[in-house]
Structures are given as C-alpha cells and as structure tokens.
Amino acid sequence: MAKNLLIVESPAKAKTIEGYLGKDFTVKSSYGHIRDLVKSEDAIDIAHNFEQKYEIPADKKQIVSELKKLAKEAEMVWLASDEDREGEAISWHLYETLGLKETNTKRIVFHEITKPAILRAIDNPRTINYNLVNAQQARRVLDRLVGFELSPVLWKKVKPSLSAGRVQSVAVRLIVDREREVNKFQSEAAFRVVAIFGKGRESFKAELGERFDKQEDAEKFLQDCAAAIFNINSLETKPAKRAPAAPFTTSTLQQEASRKLGFSVSRTMTVAQRLYESGKITYMRTDSVNLSDTALNAAAQEINSAYGAQYHQLRKYKTKSASAQEAHEAIRPTYFNEHTTDGEPAEKRLYELIWKRAIASQMSEAQFERTVAKIGISTRSEELVANGEVMKFDGFLKVYLESVDEDEDNQQDGDNAILPPLTKGQQLSLTDMTATERFSRPPARYTEASLVKKLEELGIGRPSTYAPTISTIQNRGYVVKEEREGKQRNFRVLTLKNGAITQVEKTETTGAEKGKMFPTDIGAVVNDFLVQHFNGIVDFHFTANVEKQFDDIAQGLEEWTKMIRKFYDPFHKEVESTILNADRASGERELGVHPVSGKKMSVRIGRYGPFVQIGESDDEDKVYASLRAGQMIETISLEEALELFKLPKKAGVFEDKDMTVAIGKFGPYIRHNSAFYSLPKGIDPLEVSEDQAIEIILEKRKKDAEKLMKTFDENPDMKILNGRWGPYIEFGKLNVKIPKGKEPLELTYDECKALADAMEKEPKKAGAKKFAKKK
DNA sequence: CAGTGAGCGAGCTTCCGCTTGACTT
C-alpha cells in the first residue's frame with residue numbers, strides 16, 4: 001500500500017509522474033472535474049446566496065469511488081490539479097467529495113511535467129486557495145444563470161430547443177456581423193500598373209505606387225510611357241531581419257493546422273490528443289507560450305547538433321493575451337531529437353508541424369538585404385518602384401515559416417523577387433507595361449480557426465472549449481460551414497508593348513468560398529433578438545468585464561456572491577420583462593407585392609425553416625414556398641422568391657413505379673413506396689431522371705446490405721449489423737453493442753434477445769440510452 | 001422526422017469548463 005496518493009487531472013500526466021516518483025507514491029487522475037451543478041432548475045438557490053447543488057455525473061461515479069478508497073488507505077493525499085481557477089476548484093471538489101481532512105491533504109502545483117518541477121512542487125506544498133475557488137464558483141454560477149435563463153426566453157420567443165450563452169452567442173454574433181459587412185460591401189475598381197524591364201534573366205518587375213480609378217487615366221499614363229525614357233532615380237539597400245513565432249498554444253496550433261494541413265479545429269484536437277497520449281507532445285490544451293528550462297536546453301542541444309551553433313538563439317516568449325492562465329507549457333515535442341514520428345499520416349503531419357514550430361522558436365533570426373529601386377519616367381512625375389530581397393542567412397527559416405490568413409487587402413505578390421545588379425542613374429529598357437483592373441475585396445468570412453483567433457483576442461472561451469463551441473453553434477443550426485460558388489466577373493487589361501497599347505477583357509471568378517462560416521436565418525434572428533433585448537450579455541466586452549471581477553474575487557478583494565447578486569438582479573428583471581413584452585421573432589421581412597395579384601409577399605422563419613408567403617396570414621388562399629440552400633431571408637430578392645413558386649413541389653413522378661422526387665422538410669428526396677432516400681448534394685431535384693433515381697436507390701441499398709451481417713427467422717426485427725464502430729444488434733428501436741469476445745455471426749436469436757432485454761432494462765451507457773429514446 | 005407554416009398544451013430542450021472514452025441514419 002502506497003503511503004501517498006497524488007491526484008492530477010489527466011491520466012497521461014499521471015502515468016508520466018508516476019515514473020518520476022518512487023514506490024511511495026500512487027498517482028491517479030480525476031479525469032477533469034468530478035462534480036457539476038445538478039441539471040435541474042434548483043441547482044442554484046437564488047434566494048440563499050446562490051447556494052449550489054452539486055452531483056457526481058454517472059460517468060464519474062466509478063473514478064470517484066476508486067479515489068475515495070485509495071484516499072482512505074493513504075497517509076497523505078496530494079492534490080495536484082492545474083494551477084488555475086478550474087484546477088483549484090477541482091482540488092476543492094476532491095477535498096469535499098473524498099472526505100479529506102486538512103491534516104492529511106496537501107495542495108501542490110507545477111507548470112511543467114519534468115522531474116525537477118514535480119519534486120520542487122512536493123517540497124513546497126500549500127493549502128487550497130479558497131479565493132480562487134470562489135472565483136471559479138462565480139464563473140460557473142454566472143454561466144449557468146445566463147445560459148439557463150436566456151435559453152428558455154428563446155424557446156418562447158423564437159423556437160424550442162435553442163440555446164444562448166456567454167460564449168456561443170458572441171461567436172454567432174461575430175459571424176452574423178461579418179456576413180452583413182460582406183453583403184453591404186461595395187467593391188471599387190482601380191487600375192494597377194506593373195512594368196517589366198529588361199529581358200530574360202535580367203528582367204524584373206516594378207509597380208506604380210498609386211492606382212487609377214478611371215480607364216482614361218490609366219490609358220493616358222501608358223501613352224505617356226510609350227515615349228518615355230526610364231532611369232533609376234534612387235537605389236537603396238538596407239539590411240532586414242525576421243524573427244520566429246512563439247511555440248504553439250491551442251489556438252495558434254488550430255490556426256496553423258487549418259492553414260497548412262487543412263484540418264478542422266476538432267480534427268486538430270483529436271490528432272493532438274493521440275500524440276499527447278502516446279507521450280510524443282506536451283499537453284495540447286494550453287494558452288501558454290512558455291517552455292520549461294529542460295525543454296530550452298533540449299532544443300538548444302538539438303539545434304546545435306543538427307544545424308550548428310550559429311542557428312541557435314535562446315528565446316523566452318511572453319503571452320500577449322490578458323486572459324491567459326498559463327497552467328501548462330506551450331505545446332512542444334516531448335523529445336526534440338525526434339524530428340518526426342511514426343503513426344497515421346495525420347499524426348505524423350501534425351507532429352512535424354509542432355516540432356518545427358517549437359524548434360524554430362529557439363533559432364536565430366533570418367537576415368535579408370532589401371533593395372528598393374525608384375524609377376523615374378521622363379514624361380511623368382510619378383515613379384515606379386521595384387523591390388528586391390536577398391536572403392543573407394536563413395536562420396529559423398531553415399525549418400519553419402508561419403503562414404498568414406488570405407485576407408486584409410494589400411496582399412502584394414512577388415515580394416521576394418531578386419533584382420539584377422543595378423546602378424543609380426542607369427537607363428532601363430521597358431519590355432512591357434500593363435494596367436490591370438483590380439477590385440477591392442470585402443472583409444474575409446471566418447474560418448473555424450480564424451473565429452477561434454478572434455474569440456481568443458476577445459478573451460472569450462478557453463483552450464478546452466474552442467472546438468466544442470464551434471460544434472455547438474453548428475449543431476444548433478446558427479451557422480454552417482460551407483462551400484459557395486463564386487460569380488464570374490469581367491476585368492480589363494491594358495497592355496503597352498512595342499509602343500502600342502492594346503485592350504483585352506478577361507474573366508475571373510470572385511467570391512468563391514471554401515470551408516467558411518455562414519450564418520443561417522435562425523442564427524441571424526436569434527442574434528438580433530439577443531442584441532435587441534440582452535445587449536449587455538452579447539457585448540464583445542462582457543466576458544472581459546466579468547473576468548476582471550473574477551480576478552478581484554481571486555485576490556480576495558470582492559465577495560463572489562455580492563458580485564453575482566449585482567449582476568443577477570438587473571439581468572433577471574430584463575429576462576422577465578422580455579418574456580412579458582417582447583414580440584415573437586420570426587425575422588419577417590416584406591419583399592413587396594406580387595406582380596400579378598398585387599398581394600403582399602413576405603419571408604420569415606416558420607416551423608420548418610424559412611419560407612416565402614404570398615398573401616396576408618389570414619388570407620384563405622395564401623401560398624408558400626421554402627427557401628433553398630444558400631438563400632437567406634435578409635438577402636433574397638423578390639425575383640428569386642417568385643422563382644421558388646415555379647418549382648413544383650413534386651419535382652418528378654415516375655409512372656407505375658410508385659416513385660416520386662420531391663422537396664421535403666429536409667431537402668430533396670426520392671420516395672419509393674414507403675422508403676425515403678435523400679438526394680446527394682449537388683443533384684438538382686428537377687433534373688433527376690428515372691435511371692438516376694434508381695441508381696441512387698440501389699446505391700443506398702447496397703450500402704445497407706453491406707452492413708447487414710445476419711437476420712433471424714424468429715423475428716424480422718432482429719438484425720446483426722456492421723456499423724462504423726463494429727458489429728451491433730438492432731432490435732426494433734434498440735441498438736445493442738456486441739460485447740467483446742463474442743463472434744457476432746455465431747450469436748443465436750435468444751442470446752441477442754437477452755442482450756437487448758438487458759439493455760432495455762438498464763441502459764448502462766448514456767449514449768445508448770439517448771439513442772434508444774431518440775428513435 | 002417527409003407533401004406543412006392557426007392555437008392549445010404536456011413534456012422536453014439549455015450554460016461553460018475540466019477530462020477521456022464511446023459513439024452505430
């Protein structure tokens with residue numbers, strides 16, 4: 001029996017630490033929080049100082065009873081949860097739940113999982129910091145109060161099952177706001193002038209600083225240039241340098257993995273989790289850019305041996321984020337001498353990205369020589385400018401270059417061009433000159449990763465919640481991640497060559513988007529409702545303001561119940577008056593009048609989504625049509641709305657085959673007898689041929705057949721199927737996992753029935769229960 | 001869930017953060 005029980009939050013951490021400590025220590029993990037507020041309304045007693053009711057969730061019962069047993073047997077319990085608000089609360093919950101005493105409990109903290117750091121922590125124990133615990137309680141209670149009072153307002157005024165919260169509602173607001181900026185953006189065209197001088201390998205590019213709004217002006221400029229002599233007016237060469245970026249935090253890892261590897265935010269976290277669990281990287285949910293001394297030494301050694309001492313530069317980074325809690329290290333490889341790793345391709349690619357970024361962060365600056373040549377035009381007062389850059393020392397660029405988001409206008413190309421040898425006063429020969437019509441671009445829509453970046457800047461959300469938040473707002477139907485086709489646009493190009501000017505018209509695609517976040521109608525309606533009635537909560541600075549107050553609580557400067565009271569009373573009054581006074585929100589917008597009948601045309605959100613209505617609501621003969629993918633209440637035009645009525649509801653009917661194609665609640669589908677088959681995306685329901693429909697049906701049946709492993713004569717409702725995660729029994733509404741060790745094909749009907757009955761009686765897993773209920 | 005968009009009402013939904021497994025149109 002070990003004398004000491006040490007409890008951390010993560011099992012992978014527990015394993016590592018157990019290796020550092022001797023036989024006297026048993027190291028266990030709490031798997032995060034072990035208690036939470038009860039689900040019901042009475043979790044917080046508002047009249048009695050916001051007293052809370054906690055419960056141990058079903059999936060934590062086992063671990064808690066195991067910890068209880070071990071704690072009883074141990075002489076000393078060391079609470080080693082993270083050193084931040086949540087970690088302190090975890091220690092407190094453990095203290096309360098495990099029935100610990102002050103005499104046999106010590107609280108320790110460390111920021112890095114290295115042997116010296118752990119031993120140092122054990123030599124410097126403290127007691128639970130109740131101020132910090134109180135700050136966490138305030139955070140937890142505030143989030144529950146906001147979420148569980150606002151959401152029901154939405155159920156009443158907009159639609160059931162919707163949700164609102166301190167974090168998710170701001171995330172939605174950012175996306176709605178951005179969409180409106182994009183929609184109202186007026187792009188402006190201007191002619192950009194680029195000249196090519198010299199021939200072959202000696203040729204280089206120069207650009208005019210200003211642009212011409214009018215074609216005549218651009219043309220006049222080219223004309224003037226046709227007869228001009230070009231001389232180098234000035235030539236300036238300056239050294240320049242570039243420093244590496246800090247090692248990854250959760251948010252920067254998500255951004256880079258999105259840009260460089262095309263990973264979604266949740267994929268990045270899943271892959272990183274696997275790397276962490278196999279001991280290849282440090283903890284992946286962190287807001288710290290700090291590296292441990294052990295890591296700094298290991299990186300230095302690796303850089304020296306792999307690249308040479310001139311490539312090493314010791315660097316210590318400081319966080320720029322005011323909300324950072326820095327309970328962990330930055331994300332880095334556990335062993336710097338492992339440049340790569342085995343495993344799945346995704347793991348390998350993410351590992352290499354983490355390795356490169358961490359190594360580069362300890363490398364020297366890259367050095368350049370930048371040359372700016374200004375070129376005079378004998379017939380004009382403007383100058384053309386040529387930029388050249390020569391790398392003198394690659395430094396950190398030997399391993400890693402951070403990428404940037406494709407947005408924010410002025411993305412100049414060709415900035416790394418190499419200029420031929422030039423001298424001041426030198427006369428240049430013009431090869432050609434073009435004036436190309438360019439358009440200003442609207443602000444970029446958010447990707448998952450750029451949304452995380454923005455939330456982090458606003459101090460909203462935490463490394464552990466960025467990915468779940470993005471899932472939530474999509475699951476609620478507030479936003480969608482989509483591809484959208486662009487539009488064709490013409491632009492003019494004027495070319496001056498051999499003294500003559502020619503004009504051509506070219507076409508480009510504009511506004512095409514891939515993997516960007518778009519608001520839905522319901523997202524926009526909910527957002528507008530919240531902005532109108534609860535502006536304080538969805539204000540971008542709300543979190544930052546309450547965080548300041550949580551900090552005061554953590555420092556013992558304020559009582560947490562007082563702070564919550566000050567917030568809650570006026571907030572609750574707003575909730576009540578909104579329930580009483582606010583109109584139902586449907587996003588209704590009048591489109592105008594129907595060109596033939598003269599009846600009112602309007603769009604709004606209905607029970608089954610957004611639709612157009614012709615006629616007043618109390619008209620007997622009003623008619624409706626659903627909006628189609630990509631259309632929004634805010635932007636649909638009267639003409640587009642009229643088009644919807646030309647689409648027959650029954651898109652296609654195939655005679656004598658009991659088969660129809662139609663557009664239903666959930667999009668276009670084929671119905672064959674009583675079976676439904678949804679149409680794959682990209683197929684127009686109006687264009688589906690009978691052959692195509694049959695093919696789609698056969699395809700789906702083939703897929704279903706592949707899944708089917710066994711049926712039973714006793715009862716056609718009992719089937720054994722092969723699902724994504726292995727074989728399972730389907731019996732009516734129930735799905736039952738086949739226990740390990742059983743050969744699915746050898747199961748008899750009675751055995752299956754017994755398993756199904758057991759599941760029905762006592763659904764052990766929460767997921768199975770939910771699933772059974774949903775069906 | 002599948003060809004509708006009235007209103008009523010029972011009984012349901014919902015937050016953010018900390019962790020891993022479990023997940024089956």
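Letters go in sequence order (proteins before strands), and every chain restarts at 1.
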Candidate nucleotides B:dC18, B:dC16, B:dT13, ranked by approach to the side chain of A:Tyr283 - the nearest
B:dC18

Using heavy atoms to find the nearest nucleotide of DNA chain B for A:Gln273 and A:Val146 separately, return the residue whose nucleotide is more 5′.
A:Val146

For the pair A:Tyr283 and A:His328, name the ring-plane relationship: parallel under 30°, tilted 30 to 60°, perpendicular over 60°.
tilted

Any base atoms under 4.0 Å from A:Arg476, or only sugar-phosphate, or nothing? Heavy atoms, all strands.
sugar-phosphate

Side-chain donor-acceptor contact under 3.5 Å, A:Ser602 with A:Glu590:
no

Whole-Å distance, A:Lys28 NZ to B:dT20 P, equals 15 Å

When we call it a touch if two heavy atoms are under 4.0 Å apart, what does A:Val167 touch: a base, just sugar-phosphate, or nothing?
sugar-phosphate

Could you measure the distance from the CZ atom of A:Phe540 to the CG atom of A:Leu458? Nearest 0.5 Å is fine.
7.0 Å

Could you tell me how far apart A:Glu547 (CD) and B:dG17 (C1') are, to the nearest whole angstrom?
12 Å

What is the distance, rounded to the nearest whole Å, between atom CD1 of A:Ile460 and atom P of B:dC16?
11 Å

Measure from the ring centre of A:Trp155 to the centre of the six-membered ring in the base of B:dT13, then say whether that distance is under 5.5 Å and the planes meet at under 30°.
yes

Return no unless some side-chain N or O of A:Thr465 is found under 4.0 Å from OP1 or OP2 of B:dG17.
yes

Under 4.0 angstrom, heavy atoms only, what part of the nucleic acid is A:Tyr466 near: base, sugar-phosphate, or nothing?
nothing

Mind calculating the distance between CD (A:Glu41) and C1' (B:dT13) to the nearest angstrom?
11 Å

In terms of relative ring orientation, are A:Phe529 and A:His533 parallel, tilted or perpendicular, with 30° and 60° separating the classes?
tilted

Taking for each residue the nucleotide of DNA chain B with the nearest heavy atom, is it A:Leu150 or A:Glu277 whose nucleotide lies nearer the 5' end?
A:Leu150

Mind checking A:Ser151 for me? I need base, sugar-phosphate or nothing, with any heavy atom below 4.0 Å counting as a touch.
base

Output yes when at least one side-chain N/O atom of A:Arg166 is less than 4.0 Å from OP1 or OP2 of B:dT14, else no.
no

Calculate, to the nearest 0.5 Å, the distance between atoms CD1 and OH belonging to A:Ile7 and A:Tyr31 respectively.
12.5 Å

Would you kindly give the CD-to-P distance between A:Glu86 and B:dT19, to the nearest whole Å?
9 Å

Could you tell me the separation between the CD1 atom of A:Ile460 and the CD atom of A:Glu547, rounded to the nearest 0.5 Å?
10.0 Å

Mind checking if A:Ala164 touches a base, just sugar-phosphate, or nothing, with heavy atoms under 4.0 Å?
sugar-phosphate

Per the under-4.0 Å heavy-atom filter, residues of residues 59-67 of chain A near DNA chain B come out as none

Tell me which nucleotide among B:dC15, B:dC18, B:dG5 gets nearest to the side chain of A:Tyr624.
B:dG5

Please determine, for the side chain of A:Pro160, which listed nucleotide (B:dG17, B:dT20, B:dT13) has the closest atom?
B:dT13

A:Phe611-B:dG5 aromatic stacking (under 5.5 Å, under 30°)
yes

Rounded to the nearest 0.5 Å, how far apart are CG of A:Leu253 and CD1 of A:Ile331?
4.5 Å

A:Gly87 near the nucleic acid: base, sugar-phosphate alone, or nothing, with a heavy-atom cut-off under 4.0 Å?
nothing

Name the nucleic acid region contacted by A:Ser91, choosing base, sugar-phosphate or nothing; use a 4.0 angstrom heavy-atom cut-off, strictly under.
nothing

Distance check: side-chain N/O of A:Ser163 vs OP1/OP2 of B:dC15, anything under 4.0 Å?
yes

Heavy atoms only, 4.0 Å cut-off, all strands: where does A:Arg462 land among base, sugar-phosphate and nothing?
sugar-phosphate

Rounding to a whole Å, what distance do you find between A:Ile7:CD1 and B:dT19:P?
15 Å

CD1 (A:Ile113) and CD1 (A:Ile17) are apart, to the nearest 0.5 Å, by 4.5 Å

What integer number of Å spans the C1' atoms of B:dG9 and B:dT13?
16 Å

Indicate, with a heavy-atom threshold strictly under 4.0 Å, whether A:Gly165 touches base, sugar-phosphate, or nothing.
sugar-phosphate

Counting only side-chain heavy atoms from C-beta out, which of B:dT19, B:dG17, B:dT20 sits nearest to A:Met284?
B:dT20

For the residue pair A:Tyr54 and A:Trp92, categorise the inter-ring angle as parallel (less than 30°), tilted (30 to 60°) or perpendicular (more than 60°).
perpendicular

If we check side chain to side chain contact (heavy atoms under 4.5 Å, CB included) with A:Gln613, which of these qualifies: A:Arg604, A:Met601, A:Lys599?
A:Arg604

What nucleic acid atoms does A:Gln613 come within less than 4.0 Å of, heavy atoms only: base, sugar-phosphate, or nothing?
nothing

Do you see a donor-acceptor pair shorter than 3.5 Å between the side chains of A:Ser81 and A:Glu88?
no

If you measure from the ring centre of A:Tyr31 to the centre of the six-membered ring in the base of B:dT20, is it under 5.5 Å, with the planes under 30° apart?
no

Residues in residues 134-143 of chain A with a heavy atom under 4.0 Å of DNA chain B, by number, are A:Arg139, A:Arg140, A:Asp143

Is the A:His33 ring parallel, tilted or perpendicular to the A:His93 ring (thresholds 30°, 60°)?
perpendicular

Residue-phosphate contact under 4.0 Å: A:Ser10 side-chain N/O, B:dT20 OP1/OP2
yes

Could you tell me the separation between the NE2 atom of A:His328 and the C1' atom of B:dC18, rounded to a whole number of Å?
10 Å

Side chain of A:Pro152: nearest nucleotide among B:dC18, B:dT14, B:dT20?
B:dT14

Report the distance from atom CD1 of A:Ile34 to atom C1' of B:dG17, rounded to the nearest whole Å.
15 Å

Please report the distance separating the C1' of B:dT24 from the corresponding atom of B:dG3, rounded so that it comes out in whole Å.
30 Å

Is the number of heavy atoms from other residues, nucleotides or ligands under 6.0 Å of A:Lys28 NZ greater than 12?
no

Please determine, for the side chain of A:Ser626, which listed nucleotide (B:dT19, B:dC15, B:dG5) has the closest atom?
B:dG5

